[in-house]
**Q** 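The structure follows.
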Amino acid sequence: MHQLTKGANAELFAEGSEPGPVTVALSWTDPTGAGDADVSVLLLGADGKVRGDTDFLFYNCPATSDGSVQLLGKVPTGSGTQDRILVDLAALPAEVHQVVLAASRYAGATFGELAELRLAVLDGGGDTLVAFDIPDAGEETAFVFGEVYRRGGAWKFRAVGQGYRSGLGGLAGDFGIDVDQEEEAAQAERAAEPGAPAAGTDPAADPAAADPAAADPEAVAPEAVAPAPEPPAAPKRAVRTAKKRVTLPKAAKADLADHPSWKQARLFSVAGLKNELDRENRATATLLAVMAEVPEFGRRITAMFNAPAGTVQTFTETSFKHGDGTVRPDGTIRVSRAGKIWTALVETKTGGSPLKSEQVQAYLDVAQRHGYETVITLSNDLALDGEPPVTVDRRRARKVALRHLSWAEVAHEAHLLCHHDGVVNPAHAWLLSEFLHYLRHENSGCHGFQNMGPAWVTVRNAISEGTLRAGDRNALRVVENWERLTRQLCLRLGGELGVPVSPVLRGKRRTEPAVRRAQAVDELAAGGRMRSELAVPGLPGPIVLEADLRTGRIETTVEVAAVERSRALTRVQWLLRQLADAPAELRIEALTADGGPGPCELLRALRVEPGLLVPADGAEIRAFRLTLPAGMGTRRGTEETGFIRSVDTVVDRFLNEVVRVLKPAE
């Protein structure tokens, strides 16, 4: 991997070698919870300008007509948000010389408010080819992270790191795109809708203005580049950057059933599933059929594994000779494009069935022998740090990528398309809704991470007895599963809300997983607690989730800035009016400007006497800390008394009954 600095470049595919599809991952963390960013891509010709409006890809135009470039959407990571772009270099038209990779913020937010800005280019196997960190972002509202470009028959990457204070409109305008200025201004006034400041070139942030050689990534001196005559500008229709309305499934029709026992007919039935093998076979066939039938969904899933954009065909129970016998992967995915075929073998597990190393190893061997690109494992488990939850000998299949997918991630992508991002064909939206119903049915076995593992009871008992110590291996397994549960919670909430929800990590916990887990084990041994923070765009602040295994309680917490009023009592009353329907057991603490502890009372008492929350010393109330306690399930699974079920329940209740009713301070 090449770790680049600003202005440096590196070769992706050498001259004479066959370029393949790459995935560009733009990532960041949002420690303030001020909102997210949206990626955009510009395809430039030899003159450094787009050929037309269709060369500008953003949230309303997420793919080129030939599928050579696709915006894949956001996913939560262990430390923040990652927005991915698939670039099939072999499929790019010959007249495209540069692919500019950018992002923009909206509602007045800047890139300086984000942390850990990073771009990485990954090959088909998921390995990082080049990476570029941006530590110096400030007041910019749009940013060019980098660019992929042709040079002498080879494909290279250049780390740009150039910001714009004029937003998406200013960035796009410098490359020949005219953004609808009236709409841009209207968007700036709507906090709920993503937008950008008025379009226009920002000379201080324009790469071409600051350095005439910027149009040529490897030019050594500005004077060596002769200015080309400016061609007459063709009239252009302004690109509308307001996010279009999503395609939602039709509202449910009136219920004509004669009796509550009647069940609505479903496309994907869960009847007749007698054992785990039946569940695996039906889940595999259902998933692969929907991938082949709904192009947007098929592309999202295959693009996760760097498959090219093209015609998707899927197969089940494909047989291959292996040694003296035969092996049958659960499924095979093939993507055809320009006479070339990309192939992945799929091994599926449902319920609590674990992946088997010998099976996966056999499929890797078969894939290498046949020249296939990828083996995909699919189960309810979630991969940690990108590593599949199965051990194999990678040396026996060095040219084959082994990638893992969770059923929770599959449901996340389907939900986003069905309820938020939309699909072109209404019948496909209905098909996705039927697929989601199947995944969520209790008999499907496709519910995602659902078990805290065999170490759960051992650790819980050790905490009760006071015998748990730092470095305990069972505690590490519980901490790893807590991390999986947190990530799945982010996926579920992100799908339901239509925004990227991600964990909030600080310091070394963000960049070093081993350090993060070691510290979490120490905290669990010392205090019996596990803690996570979730950044949800549009909320007053991160939601803090804490499970106390000593007391058997779960607490969810958020801090809310106080409204600016002259009297402390008026600030308290402002908060209480918004919490009129909140749970009476909600705990509220006043946070004072001097940083000291303030009064703390339950909501039921404050409804009778709001003055209980006014500091006796007259200190100014700067914020309120709201905490909702709840009982914790003791069993390790998702049953009614299970720990995972209790976490989901308390977070949903806190989000719906407390946090989402709050209004920002003015």
**Q** Quick one: do Glu409 and Arg300 make a salt bridge, cutoff under 4.0 Å?
**A** no
**Q** In plain terms, say whether Glu609 and Arg607 are close enough for a salt bridge, that is, a side-chain N and a carboxylate O under 4.0 Å apart.
**A** no
**Q** Taking atom OG of Ser40 and atom CG of Leu71, what is their separation to the nearest 0.5 Å?
**A** 8.0 Å
**Q** Compute whether any side-chain donor of one residue and acceptor of the other, for His415 and Arg440, lie under 3.5 angstrom apart.
**A** yes
**Q** Could you tell me whether Glu483 and Arg516 make a salt bridge, using a distance below 4.0 angstrom between a side-chain N and a carboxylate O?
**A** yes
**Q** Would you say that Phe145 contacts Leu117 through its side chain, given a criterion of any heavy-atom pair below 4.5 Å between the two side chains?
**A** yes
**Q** Would you give the length of the straight line joining atom CE of Met632 to atom CD of Glu546, rounded to the nearest 0.5 angstrom?
**A** 11.5 Å
**Q** Are any of the side-chain nitrogens in Glu523 or Arg517 under 4.0 Å away from the carboxylate oxygens of its partner?
**A** no
**Q** Taking atom CD of Glu139 as the centre, does the number of heavy atoms from other residues, nucleotides or ligands within less than 6.0 Å exceed 12?
**A** no
**Q** How long is the straight-line distance from CD of Glu657 back to CG of Leu655, given to the nearest 0.5 Å?
**A** 10.5 Å
**Q** Charged N to carboxylate O under 4.0 angstrom, Arg553 versus Asp548?
**A** no
**Q** Going by an N to O cut-off under 4.0 Å, is there a salt bridge joining Asp648 and Arg492?
**A** yes
**Q** Looking at CG of Leu405 and CD of Glu413, how far apart are the two atoms once the value is rounded to the nearest 0.5 Å?
**A** 8.5 Å
**Q** Counting C-beta onward and ignoring hydrogens, is there a side-chain heavy-atom pair between Glu533 and Leu505 closer than 4.5 Å?
**A** no
**Q** Below 4.0 angstrom, N of the basic side chain to O of the carboxylate: do Arg105 and Glu140 qualify?
**A** no
**Q** Are side-chain heavy atoms of Ser406 and Phe449 found at a separation under 4.5 Å?
**A** no
**Q** Just verifying a value: how many Å separate Ile588 CD1 and Leu576 CG, rounded to the nearest 0.5 Å?
**A** 5.5 Å
**Q** CZ of Arg165 to CG of Leu171: how many Å apart, nearest 0.5 Å?
**A** 14.0 Å
**Q** Would you say the side-chain atoms of Arg587 pair up with the backbone N or O of Pro629, donor to acceptor, closer than 3.5 Å?
**A** no
**Q** Check this for me, if you would: do Arg625 and Glu559 make a salt bridge, where the nitrogen-to-carboxylate-oxygen distance has to be below 4.0 angstrom?
**A** yes
